[in-house]
Structure formats: C-alpha cells, structure tokens
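This report concerns only the one structure given below.
Quantities reported herein were computed from a predicted structural model and do not represent experimental measurements. Protein chains get the first letters and strands the later ones, always in sequence-line order, with residue 1 at the start of each.
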Amino acid sequence: MNAPLIVDGVTTSIRLDGQRHDVVRDISFQVAARETLALVGESGCGKSMTALSIMGLLPAGIASVSAGKIIVDGIDMVAADETVRESVRGNRIGMIFQEPMTSLNPVLPIGFQVGEALMQHQGLSRSAARAKALDLLEHVRIPSAARRLDDYPHQFSGGMRQRVMIALALACGPKVLIADEPTTALDVTIQRQVLALLADLQAREGLAVLLITHNLGVVASVADRVMVMYGGDVVESADVKDFFARPTHPYSVALLAAMPRIDATEGPQPIPGQVPSLDAMPSGCRFQSRCHLRQDVCSTLPPLKPVAGNPGHQVRCWMRGDT
Amino acid sequence: MLKFALKRLLLAIPTLWAVLTIVFVLIRIVPGDPTIVILGDQASEQARADLREKLGLAKSIFSQYIDFMWQIAHGDLGRSLATNRPIMSDVLSVLPYTLELTLASLIVGTVIGVPLGVLAAEKRDGFADWFARVFSLAGLSFPAFVSGILLLIVFSLKLRWFPVISSANLVDPIERLRALVLPALNLGLLMVAYVTRVTRSGMLKALGEDYIRTARSKGLPSRIVVWRHAFRNALVPVVTVVGLYLGVLIGNAVLTEIVFNRPGIGKLIVTALNQRDYTLLQGLMVVTAFAVVLANILTDLTYGLVDPRVKTE
Ligand SMILES: Nc1ncnc2c1ncn2[C@@H]1O[C@H](COP(=O)(O)OP(=O)(O)OP(=O)(O)O)[C@@H](O)[C@H]1O
Ligand SMILES: [Mg+2]
C-alpha cells in the first residue's frame, strides 16, 4: 500500500520584487501510516512553506509549487484543481498551526468551528455536526465539553485552544496530519500533555504525522524519523536513533550542540553566523557560509548520499557520507 | 445579551443628561439678548419684559434648568414662539419623512457599499477594487447639496424620471416612494463611499488573519471563508461606521431636504432659524440629540450581536 503522504521532488518558489527564489528546493519524502516524521531546522529554512505546499495553502500570488508531485491519500495536490484540493483539505489531511491564540475564529463558537468540516465534507446537518463535535472535544479531553460547545475561543486557555485545534483538524478522520510547531507557543507542562494527546490519537487512528518543530527534545521523544532542512534544502534525513547516534551533516552537528542538555559537560554552543537572506543565498551548498568544513567543491550542490552504508540515513555534504 | 442591553440602556441616561445640559447652555450663551433678537431693537421695554416672562427667562438660571429637564422628562418640548403650537406635535408630524429618508439611504449605503467593499478586498487591485476606490474617493469629495443638484438636473430635469419637488404628492404611496428615490440615492451614495472603504480595509485585515488559514485548511470553499469567517470579523468596524454615519446622515438629511424641497426635521430647522424661533430650535436640538444617542445605543447593541467578546467584558 502506498504511503498516505508522498512528496516527490517538490520545489516551492516565492516571487519578491519580480525575482524568483526557491524557498523549498527539490524535497522528497514519504510518511507512512502510524509514522511520525519530524521536520527540523532554524527559523526561515522553509518548514512552513513545505507544509503549506502540501496543503495547497501557499499565499496566493506570492508563492507556488514550481516542480514536483505531492500525493495525499492517493490524490495529486499539485495537478488537481482547487475544487479537488478543497475536498482533500480538512478531509483526508488536517493541519494544526503554531499559534493557538489566533488560529481560531474569535466570533464563532468553538463547537461550530470543530464541526464545520463535517458539514462541508460529510454533508452532516448542523445538529449532527454539533453532536460529533462534542465527541471530538471529549476525545481531546476538554473538561466538561458539553457545556463548552457554545463558548468562544477567548474563553479558552492556550493549551485548551490547541486541543480544540487538534479536534478541528481530526474532525473528518484524515489519513495525514501536519502539525506546524504545535507546542511552541505553550509552556512546558502543557506542551507535554498536547504531545502525549497527539501520540495517543495517532496510535488510535493510524495517522501519518508530519511534525514541524525546532525542538530536538520533542523530536527525540515523539518522532520515528527526522529530516533536517537548511535554506530550503534537506541536508540530512535519518531514523531518530541513527540521527542522535551519528549526526553527520555539519549543520545537524551544530544544531545538536546548540541544544541545552542536562548531561552535557559544556553549555550549549550557538551556531555562528546567520541564515543568508533569500537574495544572498550562495550557489551550491547553502550552509557553506557558516561551515567550518567548507571547500571549493561546496559551490556545487552535493547530492544526498547514504551514511555508513545505510540507505535510510542520508546526508547532503561533500565532506561527509559515503562516496 | 439581555443584561448587556440593559446595562447599555442605563449607561445612556448620563449621556442624555449631559447632551441635554449642553443644549440648554448653548441656547443661553448665544450672544445678544434674545428679546432684542426676536422683537428687534425698537421694541418697548414692556414688550421685552413680557417676552422674557413668557420664555421663562425672568427666573433664575437654575430654575430654568430644572423646568427644562422636567418638561423633557415628560415628553414636553414647549410651544413654538412663532406659531404657539406644541413643538412636539410639529416635530412628530415631519419626523416620519426624515426617518424614511434616513432609513432608505442607510439601506442604499449598506446594500451597495458592503458587497462592493468585500469584492474589492477579495479581488485586491483588480477591476472591482479600482472601481470601488475611485467611486469612494468621488463620493467622499462631493458635498451632499452638490450631488443632490446634479441628481436633480440629470434624473428630474433631463430624464424626467422623478419629480423635481419631492413634496408635491405625498399621500399616494407610489408617488411618495418615487419622491423618495432621488433624495435617498443622494444620501445613500455618499454613504456607500464610507461603507465601501471600511468594509474593504476591514476585510483585507481579516483575510490576512491566522483563522482564515485555519478555515481554508478545513477545505471550505472561498465563498464561505470570505463571508462566514472574514466578513463576520470585518463587520465590527463596518457597524461602527454605519453607526457614526447615522449622525452625519441626520446632518446631511437637512441639506438634502432643502435641495429636494422635502418636508422633514431639516426643513423645520431652517424654518426655526429663519423665524428666530428659539424654543422650536431648542426642541429640535433635543430631538436630534436623542436620535444620535439612540443610534449609538443601537450600534453598541449590534456589537454585542457581532462580537462575542463585547458581551463578556
Ligand atoms: N508571505 C511571505 N512573503 C515573502 N516571503 C516569505 C513569506 N512567507 C515565508 N517567506 C520566506 O520563505 C522562507 C521560508 O519560510 P518558512 O515560513 O517556511 O520558514 P520556517 O522554517 O517555517 O520558519 P519558522 O521556524 O520561523 O516558522 C523564509 O525565507 C521566509 O522569509
Ligand atoms: Mg514556520
């Protein structure tokens, strides 16, 4: 059986002042049912652009997918027209966003917002959608959900709103869930509860989850595989165990060193320098301006190569990986 | 909601009290002795004293104030100086004309202005947006009496579709409606200019919010995203402008009533000014003040319906 989410050679470009910039470059991956793929990388590396490309929600007139295929539950989202994409969104694929405080509509009751996708995709009546919304809110463990159906978002805390968002994204029983930094805006204990809830729902419904985060601690605790992005390129991808055992790309190594750890002898080491701006991206490897291994060859883009003979662990670096 | 409405009504009492006090003071600080202004400077001392007695000006300012408030509390606006008729009945006899004009132009303004603004925001920088911007700029720069005269020249004098004198026949309901069209269009089109602008900018803001992305991530068609999710939020500034515009509308109604020669509060104000009818003028100011305060209450109550955050605050 095919994976519920297949991304194949996708490039996403934005137009700024008449110039085309690739913010996601030739990215390929699959997420199987019950699997969690974590997408990590610094701010601006193209994680959200990847997610929005999959959803078909790129900002109109600014960004578009310029190459590649995206197959969601068997449907090609790039080739399809907008009506088909609408029938996929919220139905076969759901998405949770980073900002629980602003991602819910302030003037509509939450029960309605959760049930809305059911009316749209399954033709449920208002009252049937409401009854199902109550089930969903109980599923995500909103206390006394029945009383809260008609409450508005401002009457909920951040953590509760993110639970509402999860209920909303899972309303139609999608095969794929994209979670774009679902816990970044929450404090640590709430973070843990929300992640546990997600893992629980994933196991129950067999979801394929694409989890976007820049917290490697979260990756270690919930992901099956990791994909590291830098400047729109995938620079390393591996099973979680392999990744933490043998981080290979210089950027991955730097990311891990930048993470605070209890067992470390030294403090966290920030990555020197900054991500180059879109119009100053070097040709070839985009990390070269901050890389201590840089050679002349780095001005041509390296291919993804296996690491230590393991085809499941790949790195995009001339200085690392198998030749 | 009921509690919110009651609270809002109670809050209107101090506002009304303050407004009435201002009307009272305004009428009395107009420079010049009112008896001279009314009777002319040749009037005898006796005639002036009689008039002062009749106007209640002989009493202390404080007891004048108490009388004024007491009368208004009983729905009594006093009698006209010029005609000696009760002001309240004069006002009530023309009020329907002003109300129908205000209401009709409110409908024209929102029914055209709101969809135009939504369309302009949705198709930003497209033809509809361009049209809406030119149209609203034109609307904002036209004084009500200029546009009124233009409408009269084109539609009444040239095309002869509508009567020139709107008050010619107001008994026949069809004729009355026909007479309403041009004045209502005149006021309404000016309002379209305002409403289009706020709707457009409110919609642009709403369409950029995170919850719109959420709505789209549910697979809702853009019609629902625009009207159910964005428009409901853009409605708050629209309601504000419509509410505030009611005040402007009352002022513009005066000009429009004169240009189109319609009966109404506006015409009555002009009559009162021409005849130096102080008491009538005072009564009209009180009525207008009531109307504006009422418009504000309605606006606030609408907020409560539109935005759930207002009620719980
Ligand atoms: N609406 C936009 N207009 C112009 N450029 C944009 C827009 N959205 C994103 N970009 C650019 O696209 C690139 C990728 O952005 P993206 O939002 O995917 O980053 P990200 O990895 O999600 O970062 P973060 O961790 O901050 O969410 C960045 O260089 C960003 O500046
Ligand atoms: Mg992002």
Side-chain angles (χ1 to χ4, degrees), chain A residues 48 51-52 54-61 82-110 112-122 150-155 161 164-165 168-172 174 177-178 180 185, chain B residues 1-2 4 114 118-129 199 202-240 300-313:
Chain A
S48 294
L52 295 176
I54 296 168
M55 292 295 288
L57 288 180
L58 290 168
E82 187 54 23
T83 358
V84 174
R85 284 197 256 177
E86 275 167 13
S87 73
V88 173
R89 282 202 287 267
N91 191 19
R92 294 163 192 257
I93 184 168
M95 182 160 176
I96 316 170
F97 299 93
Q98 174 170 351
E99 272 303 328
M101 304 313 267
T102 54
S103 292
L104 289 167
N105 194 325
V107 302
L108 296 172
I110 58 123
F112 178 80
Q113 296 192 56
V114 169
E116 203 178 10
L118 291 159
M119 297 195 272
Q120 180 64 31
H121 298 295
Q122 302 181 356
D150 295 319
D151 281 358
Y152 291 90
H154 70 274
Q155 293 161 294
R161 283 190 216 188
V164 172
M165 277 300 293
L168 183 155
L170 297 182
C172 292
L177 177 71
I178 301 182
D180 189 351
Chain B
M1 187 66 210
L2 202 71
F4 172 71
V114 165
V118 171
L119 200 66
E122 211 185 329
K123 307 263 183 292
R124 192 176 184 178
D125 297 325
F127 174 75
D129 193 17
T199 309
M203 282 300 286
L204 281 179
K205 178 163 175 294
L207 284 170
E209 300 281 353
D210 287 351
Y211 54 77
I212 294 300
R213 200 179 49 190
T214 307
R216 303 220 300 136
S217 81
K218 293 185 205 174
L220 301 175
S222 76
R223 176 177 37 89
I224 292 187
V225 173
V226 166
W227 287 101
R228 187 185 291 160
H229 287 266
F231 183 63
R232 291 276 317 252
N233 282 280
L235 216 50
V236 173
V238 173
V239 168
T240 312
D300 281 2
L301 291 184
T302 318
Y303 279 148
L305 288 179
V306 169
D307 189 342
R309 286 163 296 185
V310 174
K311 271 180 285 180
T312 42
E313 257 161 31

| said: If the condition is side-chain contact (heavy atoms from CB on, under 4.5 Å), which residues does B:Ala120 pass it with, not counting sequence neighbours? | reply: B:Asp129, B:Ala132, B:Arg200
Would you mind checking which part of [X] comes under 4.5 Å of any heavy atom in chain B, side chain (CB onward), backbone (N, CA, C, O), both or neither?
| X | answer |
| --- | --- |
| A:Thr102 | both |
| A:Leu52 | side chain |
| A:Leu168 | side chain |
| A:Met101 | neither |
| A:Leu104 | backbone |

| note | Residue from A:Glu116, A:Gln120, A:Gln113, A:Met95 scoring the most non-hydrogen pairs under 4.5 Å with chain B is A:Glu116
| remark: Looking only at A:Cys172, A:Ala171, A:Ala117, A:Ser103, the option with the highest number of non-hydrogen pairs under 4.5 Å against chain B is A:Ser103
| task | Taking heavy atoms only and a threshold strictly under 4.5 Å, list by residue number the residues of residues 219-226 of chain B that touch chain A; give 'none' if the list is empty. | result | B:Gly219, B:Leu220, B:Pro221, B:Ser222, B:Ile224
| note | When every non-hydrogen atom of B:Pro308 is compared with those of A:Pro106, the smallest separation belongs to CG-O, 3.3 Å
| said: Using side-chain heavy atoms (C-beta onward) and a distance below 4.5 Å, is A:Pro153 in contact with B:Tyr211? | reply: no
| request: Side chain from CB out, backbone as N, CA, C, O: work out which of these in B:Val236 comes under 4.5 Å of a heavy atom of chain A, or both, or neither. | output: neither
| field | Step-by-step side-chain contact (heavy atoms from CB on, under 4.5 Å) determination, A:Glu99 to B:Arg213 | value | CA-CA 11 Å; A:Glu99 272 303 328; B:Arg213 200 179 49 190; 5.9 Å; no
Distance check, rounded to the nearest 0.5 Å: [X] atom [atom1] versus [Y] atom [atom2]?
| X | Y | atom1 | atom2 | value |
| --- | --- | --- | --- | --- |
| B:Arg309 | A:His154 | CZ | NE2 | 7.5 Å |
| A:Asn105 | B:Thr214 | CG | OG1 | 9.0 Å |
| B:Arg216 | A:Met55 | CZ | CE | 9.5 Å |

| task | Keeping the roles fixed (side chain from A:His121, backbone from B:Lys218), state whether a donor-acceptor pair exists under 3.5 Å. | result | yes
